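The model shown is predicted, which means the values in this text are computed figures rather than measured ones.
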Amino acid sequence: MSDTTLGSCPIPFSRYGHITLGHGSGGELMADLISGLFVPAFANETLAALEDQASLAWNGSRLAFTTDSYVVRPLFFPGGDIGSLAVNGTINDLSVGGATPIALSAAFILEEGLEIALLERIVRSMARACSDAGVELVTGDTKVVERGKGDQVFINTSGIGRIAPGSVLSIASAQPGDRILVSGTLGDHGIAILSVREGLAFETTIKSDSAPLHTLTRAMLDTCPQIRCMRDLTRGGLSSALHELAAASDVGVRLFERDIPLKTEVRAASEMLGLDPVYIANEGKLMAIVPEAHSKRVIGVMRSHPLGADAADIGEIAKDQRRRVVMQSSVGGERVVTRISGEPLPRIC
């Protein structure tokens with residue numbers, strides 16, 4: 001069977017000769033591409049750690065460095081746009097590594113024919129996001145491609161941050177008994193994007209959760225330096241983050257469906273569209289792995305912050321089920337949460 005038989009959601013296969021949308025999903029195909037091509041090609045310990053940011057020693061300090069690209073469609077959506085999303089997403093990749101953001105760069109790939117007024121809206125939004133977060137955008141680049149060779153505008157952002165002395169966060173550090181915390185309701189960003197694309201109408205507008213998380217992560221780490229790991233839950237959602245953690249730490253993960261926070265509208269939209277919220281991207285939510293003895297204190301700090309008001313304890317690191325993620329259903333029984341293979345929501349970030 002051809003891998004394009006099912007249109008935009010091709011069935012994955014172990015040997016492939018070209019890129020599919022699934023290679024950008026944050027799931028199984030993307031993990032295969034990274035581990036099978038990029039990591040061996042560049043072969044260094046920092047890259048092989050597969051954190052959201054690289055930790056680099058510099059003049060007696062440690063710096064965090066990250067980069068990301070944004071190709072979201074549509075460019076403007078309820079709760080944000082490609083410009084603010086690019087700023088917030090890069091800040092978040094630094095923040096979940098325990099770093100305080102210092103500066104950002106931005107590279108714009110513009111399609112011939114893009115309206116200057118539209119680009120100006122995007123740039124002004126980026127500037128506001130930088131100002132609100134207290135981070136400067138200090139360098140950049142611009143390229144233009146021929147009409148029809150792009151999709152209006154793509155943005156790449158990179159960022160550097162300063163890691164506090166003694167802070168060591170890693171997806172390889174989870175231990176059985178640790179609690180799994182999330183900072184709020186899941187699926188908001190993905191459903192907001194999809195509702196605009198598909199023209200879905202709900203009683204209230206579903207908005208993206210796009211937001212910079214650096215003040216939340218700082219409050220959490222100041223309260224509990226023992227936090228093992230943090231991840232922002234972007235492509236592939238909660239599922240991909242937990243599968244990466246389970247593999248890196250060689251542990252099992254057990255989730256409790258009843259404890260996963262969801263907005264009513266997001267739950268309804270997910271059921272209507274046949275989507276599981278644990279696979280849907282978020283742009284202002286994080287996961288934290290915390291020793292059980294400290295979990296209630298960390299939850300309290302998260303809930304006292306505006307971006308963590310709906311924080312919840314949703315599961316545990318298990319002794320059994322090594323390298324697997326299982327969900328205890330709200331109606332009883334357990335199911336395996338598999339790693340996403342295709343790309344149910346392309347061009348979401």
Side-chain angles (χ1 to χ4, degrees), residues 4-12 20-22 24-30 70-82 85 151 182-211 232-243 255-287 309-312 314-315 325-349:
T4 58
T5 300
L6 298 183
S8 63
C9 297
I11 296 175
T20 71
L21 284 174
S25 68
E28 185 176 352
L29 286 184
M30 185 172 172
Y70 296 85
V71 298
V72 65
R73 178 175 58 85
L75 298 176
F76 295 85
F77 46 84
D81 57 80
I82 191 172
L85 184 67
D151 191 356
V182 294
S183 62
T185 55
L186 302 185
D188 298 358
H189 176 74
I191 295 299
I193 296 291
L194 193 60
S195 65
V196 174
R197 286 186 194 169
E198 303 301 326
L200 303 178
F202 301 96
E203 290 186 5
T204 58
T205 300
I206 300 175
K207 293 184 178 181
S208 168
D209 58 349
S210 177
D232 58 334
L233 304 175
T234 55
R235 284 176 298 178
L238 176 67
S239 170
S240 286
L242 288 174
H243 277 282
L255 300 175
F256 299 94
E257 188 174 36
R258 67 178 182 274
D259 296 327
I260 295 176
L262 298 172
K263 286 186 170 66
T264 301
E265 300 89 342
V266 170
R267 187 189 303 275
S270 298
E271 291 176 354
M272 180 176 66
L273 297 167
L275 298 173
D276 189 331
V278 301
Y279 297 111
I280 299 176
N282 313 266
E283 291 294 341
K285 301 298 187 325
L286 63 80
M287 170 191 80
D310 296 315
I314 63 167
V325 179
V326 299
M327 176 90 75
Q328 183 171 308
S329 170
S330 57
V331 295
E334 284 189 346
R335 64 179 174 90
V336 175
V337 179
T338 58
R339 193 163 196 166
I340 193 169
S341 296
E343 176 57 288
L345 297 175
R347 303 282 302 281
I348 201 166
C349 61

- Any donor and acceptor pair, going by atom type alone, linking the side chain of His243 with main-chain N or O of Val337 inside 3.5 Å? yes

- Query: Taking all atoms of both residues into account, what is the closest heavy-atom pair of Met287 and Ala241, and its distance?
  - Reply: CE-CB, 4.0 Å

- Query: How close do Arg197 and Pro74 get, heavy atom to heavy atom, and via which atoms?
  - Reply: CG-CD, 4.1 Å

- Would a 4.5 Å heavy-atom cut-off, applied to side chains only, mark Ile191 and Ser270 as touching? yes

- Message: Quick one, Ile193 and Pro78 - any side-chain contact, counting heavy atoms below 4.5 Å?
- Response: no

- How far apart are the C-alpha atoms of Ile340 and Leu29, what are their side-chain angles, what is the distance that settles it, and do they pass the side-chain contact (heavy atoms from CB on, under 4.5 Å) test? CA-CA 8 Å; Ile340 193 169; Leu29 286 184; over 6 Å; no

- Query: Which atoms form the tightest heavy-atom contact between Thr338 and Ser239, and what is the distance?
  - Reply: O-OG, 3.4 Å

- Task: Specify the closest pair of heavy atoms between Glu334 and Val326, including all atoms of both residues, with the distance to one decimal.
- Result: OE1-CG2, 4.1 Å

- Item | pair Val325-Val278: side-chain heavy atoms closer than 4.5 Å | no

- Message: Looking at Leu75, is its backbone amide N or carbonyl O close enough to the side chain of Asp81 to form a donor-acceptor pair, meaning the two atoms are under 3.5 Å apart?
- Response: no

- Query: Which heavy atom of Asp259 sits nearest a heavy atom of Ala312, and at what distance?
  - Reply: O-CB, 3.7 Å

- Query: Got a second to check how far Phe77's CZ is from Ile82's CD1, nearest 0.5 Å?
  - Reply: 8.5 Å

- Between Gly79 and Ser210, what is the shortest heavy-atom contact and its length? O-CB, 4.4 Å

- Message: Using only atom types and a distance under 3.5 Å, with no angle test, would you say the side chain of Ser195 pairs donor to acceptor with the backbone of Ala192?
- Response: yes

Could you list the donor-acceptor pairs under 3.5 angstrom formed between side-chain atoms of residues 182-189 and any protein atom two or more places apart in sequence or on another chain?
from   : atom 1 : to     : atom 2 : distance (Å)
Ser183 : OG     : Leu286 : N      : 3.0
Thr185 : OG1    : Asp188 : OD2    : 2.9
Thr185 : OG1    : Lys263 : NZ     : 3.1
Asp188 : OD2    : Lys263 : NZ     : 2.8
His189 : ND1    : Ser208 : OG     : 2.8
His189 : NE2    : Ile348 : O      : 2.7

- Message: I'd like to check Cys349 versus Glu283 (side-chain heavy atoms, cut-off strictly below 4.5 Å). Are they in contact?
- Response: yes

- Item | Presence of salt bridge, Asp276 and Arg335, under 4.0 angstrom | yes

- Is the shortest heavy-atom distance from the side chain of Asp151 to the side chain of Val71 under 4.5 Å? no

- Task: Ignoring hydrogens and angles, tell me if any N or O in the side chain of Asn282 forms a donor-acceptor pair with the backbone of Ile280 under 3.5 Å.
- Result: yes

- Item | Side-chain heavy atoms of Met327 within contact of Val336, under 4.5 Å | no

- Heavy-atom side-chain proximity of Arg347 to Leu21 below 4.5 angstrom: no

